[in-house]
There are 2 protein chains.
Amino acid sequence: MKKPVKVTVTGAAGQISYSLLFRIAAGEMLGKDQPVDLQLLEIPPAMGALSGVVMELEDCAFHTLNSIVATDDPETAFGDTDFVLMVGARPRGPGMERKDLLEANARIFTAQGTVLDKVASADVRVLVVGNPANTNALITASKLKRLSATQVTAMTRLDHNRAISQVAAQTGQPASAIKKIIIWGNHSATQYPDIHHATVNSQPVLEVVERQWFESDFIPTVQKRGAQVIAARGLSSAASAGSSAMDHVRTWMQGTEDGNWTSMAICSDGSYGVSEGLFYSFPVVCKSGHYEIVQNLDINDFSRKKMNITEQELTEERDTIKDLL
Amino acid sequence: MKKPVKVTVTGAAGQISYSLLFRIAAGEMLGKDQPVDLQLLEIPPAMGALSGVVMELEDCAFHTLNSIVATDDPETAFGDTDFVLMVGARPRGPGMERKDLLEANARIFTAQGTVLDKVASADVRVLVVGNPANTNALITASKLKRLSATQVTAMTRLDHNRAISQVAAQTGQPASAIKKIIIWGNHSATQYPDIHHATVNSQPVLEVVERQWFESDFIPTVQKRGAQVIAARGLSSAASAGSSAMDHVRTWMQGTEDGNWTSMAICSDGSYGVSEGLFYSFPVVCKSGHYEIVQNLDINDFSRKKMNITEQELTEERDTIKDLL
């Protein structure tokens, strides 16, 4: 067994965390030889429920779970941490405008980003899952002085996985046969799931599926999948979000497979003309805990328009909360 | 990748299944090289919710998930199946007596056992998770003609894991240091968690902890842990139950580690004087899909009394539903 690493999860008593924590503790995110110290953050009213989650984690007798701290104090939760999964966010309440939602979350992530910068490990890696994830990541990153904005990412892996699954179903091939899907932009209904570069068993997907299906069926299905799950389950996606969060961190650390990439929302460096500093989802290649944007992909007019629409939404989100940056 | 195996889960839209299905689909129960066909059973009113779970399973793009069938027809769900996790059961409703609960479940498991015997793979392995698990397993097994009662087991692995976790906490050692815990009897508050043979880093646990702690603290804590989790979470154990169900099947197939055993409720062959045919939890050693009761352990008077109490409860449960056997 290696030396334990510290993993912080915020919103730890919520539904996504309930799907996530047991798999992290079982070594399924960082490896069966990598013990973890869980540092769980919740707001005071949820500490009772969190104590029940802690009991259940203990009850599993996981060999890779070294210790658990449950706290409502961010300094404790983020102290010396190596990995942070920011799952907790303010959901939209009745009568709440999008602006109110962005601002409520901006306040949460301002506070957490500030503490993170103060107490986390210098090498910390952060994944923002709580929505609006891209802009929550932007706010978090804007508070970093000691740490770098490149250490903060937001999750579009669920969208990426959904896109793979839709292409797999349409082509009648297993998910493992589908490579080089891209999610561009915001984790929202403006996201652009792009299959222009995707392959199925090494053949371009657009040679196998109809373009009509791509434009009129695939894109809106992936964009609106979250709402479809809510309609069926009566609850928002939790286990699939948790699973994708683990995929995101695992790929970040263990690397993308040869000849493939994944999608991560990261601080734009201006690649593909995306405004610098926005948290925008790009195709990335990962290796040993580092990611790099896949460069020089051909972008046609259709794609450029879709990429601009989702960039525009992210710009507006940033403008809405600019006083807090 | 190996040839896919079929895994049936009943009560597939419930909370335990929601914690279980994604891990099974990710290859965490049967191995990362073992694709699975999931055959999910629910009652008609839950089929809508189940469709949402299926969408989320698809959305994860798991490489080890070969196919999913969601159905309210037991013949379809149990058809040619290799593994059955019987998670669905009737929970106790308001004003329901224990007798009513036993009988309501007896009817469910009578029907399912009958179909199972008719359509499952000849080599099927069954784990009953739904409570009252031991007696539900007894009923299921009583309906088997083509299949053998030894193919049916009930889950006490959650109790076993809870017992390990309590000893680990008390001795300040990791869970991996604790071996040879035993859960005897019923998965209920009469169960007897026994540490007379248990070791911590190869030293007898009873040389490390106080006997007083064992008798007055440890035993009731493990027996009543489920109620304690409900009190804290406001919901019954789901993720820990799901995790332990996976442990049960994984250990059954991959084997217990050398110098250790696990606990499984199985059809008694009269070992340790337990009435033949009762589903009673014993210490077992597993190897390549087979289990064997650990024999010739010394049982002192203290243990004998506790083992008899839980056997007595199982006998009464059997008597309550004897007209359905």
Side-chain angles (χ1 to χ4, degrees), chain A residues 1 13 15 18-19 21-23 25-26 28 35 48-66 157-169 174-176 178 181 222 225-226 228-235 237-244 246-247, chain B residues 1 13 15 18-19 21-23 25-26 28 35 48-66 158-169 174-178 181 222 225-226 228-235 237-244 246-247:
Chain A
M1 284 278 184
Q15 285 307 305
Y18 194 65
S19 288
L21 290 172
F22 293 80
R23 298 183 66 189
E28 291 156 15
L50 183 56
S51 74
V53 176
V54 170
M55 288 167 64
E56 283 205 76
L57 283 164
E58 292 167 351
D59 288 354
C60 292
F62 291 122
H63 290 191
T64 36
L65 179 56
N66 188 58
R157 182 64 174 263
L158 176 55
D159 310 296
H160 185 94
N161 285 340
R162 286 167 171 167
I164 289 175
S165 163
Q166 292 299 320
V167 172
S176 56
I178 318 297
I181 290 283
V222 175
R225 183 73 168 178
Q228 228 192 324
V229 170
I230 292 176
R233 277 191 77 217
L235 295 165
S237 305
S240 53
S243 196
S244 299
M246 297 209 334
D247 289 345
Chain B
M1 284 276 183
Q15 284 307 304
Y18 194 65
S19 288
L21 290 172
F22 294 80
R23 299 184 65 189
E28 294 160 13
L50 182 57
S51 74
V53 175
V54 170
M55 289 167 66
E56 285 205 75
L57 283 164
E58 291 166 354
D59 287 355
C60 292
F62 290 122
H63 289 193
T64 36
L65 179 56
N66 188 60
L158 177 54
D159 311 295
H160 186 95
N161 285 340
R162 286 167 171 167
I164 289 174
S165 164
Q166 292 299 319
V167 172
S176 56
I178 317 299
I181 290 282
V222 175
R225 183 72 167 179
Q228 227 191 325
V229 170
I230 292 175
R233 279 190 75 218
L235 294 165
S237 305
S240 54
S243 195
S244 299
M246 297 209 335
D247 290 345

Taking it one step at a time, do B/Arg233 and A/Glu56 satisfy side chain to side chain contact (heavy atoms under 4.5 Å, CB included)?
CA-CA 10 Å; B/Arg233 279 190 75 218; A/Glu56 283 205 76; 3.2 Å; yes
Evaluate the criterion side chain to side chain contact (heavy atoms under 4.5 Å, CB included) for residue pair A/Leu235 and A/Gln15; output intermediate values, then yes/no.
CA-CA 9 Å; A/Leu235 295 165; A/Gln15 285 307 305; 5.9 Å; no
A/Phe22 vs B/Met246, side chain to side chain contact (heavy atoms under 4.5 Å, CB included): CA-CA, chis, key distance, verdict
CA-CA 12 Å; A/Phe22 293 80; B/Met246 297 209 335; over 6 Å; no
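Scanning both residues, B/His160 and B/Ile181, for their nearest heavy atoms gives CE1-O, 3.2 Å. Closest heavy-atom contact between B/Arg23 and A/Glu28: NH2-OE2, 2.9 Å. Here the closest heavy-atom approach between residue B/Gln166 and residue B/Val222 is recorded as CG-CG2, 4.1 Å.
Chosen from B/Ala169, B/Ser176, B/Ala163, the residue pairing most often with chain A at heavy-atom distances under 4.5 Å is B/Ser176. Here B/Asn161 is the residue among B/Asn161, B/Leu50, B/Leu65 with the most heavy-atom pairs under 4.5 Å with chain A. Ranked by heavy-atom pairs under 4.5 Å with chain A, the list B/Pro35, B/Ala241, B/Ala49, B/Cys60 is led by B/Cys60. Note on B/Ala175, B/Ser244, B/Ser240, B/Gly52: by heavy-atom pairs under 4.5 Å with chain A, the leading option is B/Ser240. Contact tally against chain B (heavy-atom pairs below 4.5 Å) for A/Met55, A/His63, A/Gln228: the top residue is A/Met55. Your options are A/Ser51, A/Ala13, A/Gly48, A/Ala231, and the one with the most heavy-atom pairs under 4.5 Å with chain B is A/Gly48. Interface check for chain B: of the options A/Gly234, A/Ala168, A/Ala61, the most heavy-atom pairs under 4.5 Å are formed by A/Ala61. Comparing B/Leu21, B/Ile164, B/Val229 by heavy-atom pairs within less than 4.5 Å of chain A, the highest count is held by B/Val229.
Using a 4.5 Å cut-off between heavy atoms, B/Ile178 does not touch chain A at all. Both the backbone and the side chain of B/Glu58 come within contact range of chain A, each with at least one heavy atom under 4.5 Å from a heavy atom of that chain. Within the 4.5 angstrom heavy-atom criterion, atoms from both the backbone and the side chain of A/Ala238 approach chain B.
Side-chain atoms of A/Arg162 and A/Ser237 form a donor-acceptor pair, as typed in the model, at a separation below 3.5 Å.
Using a distance-only test at 3.5 Å, with no hydrogens or angles considered, no donor-acceptor pair links the side chain of B/Ser243 to the main chain of B/Ala239.
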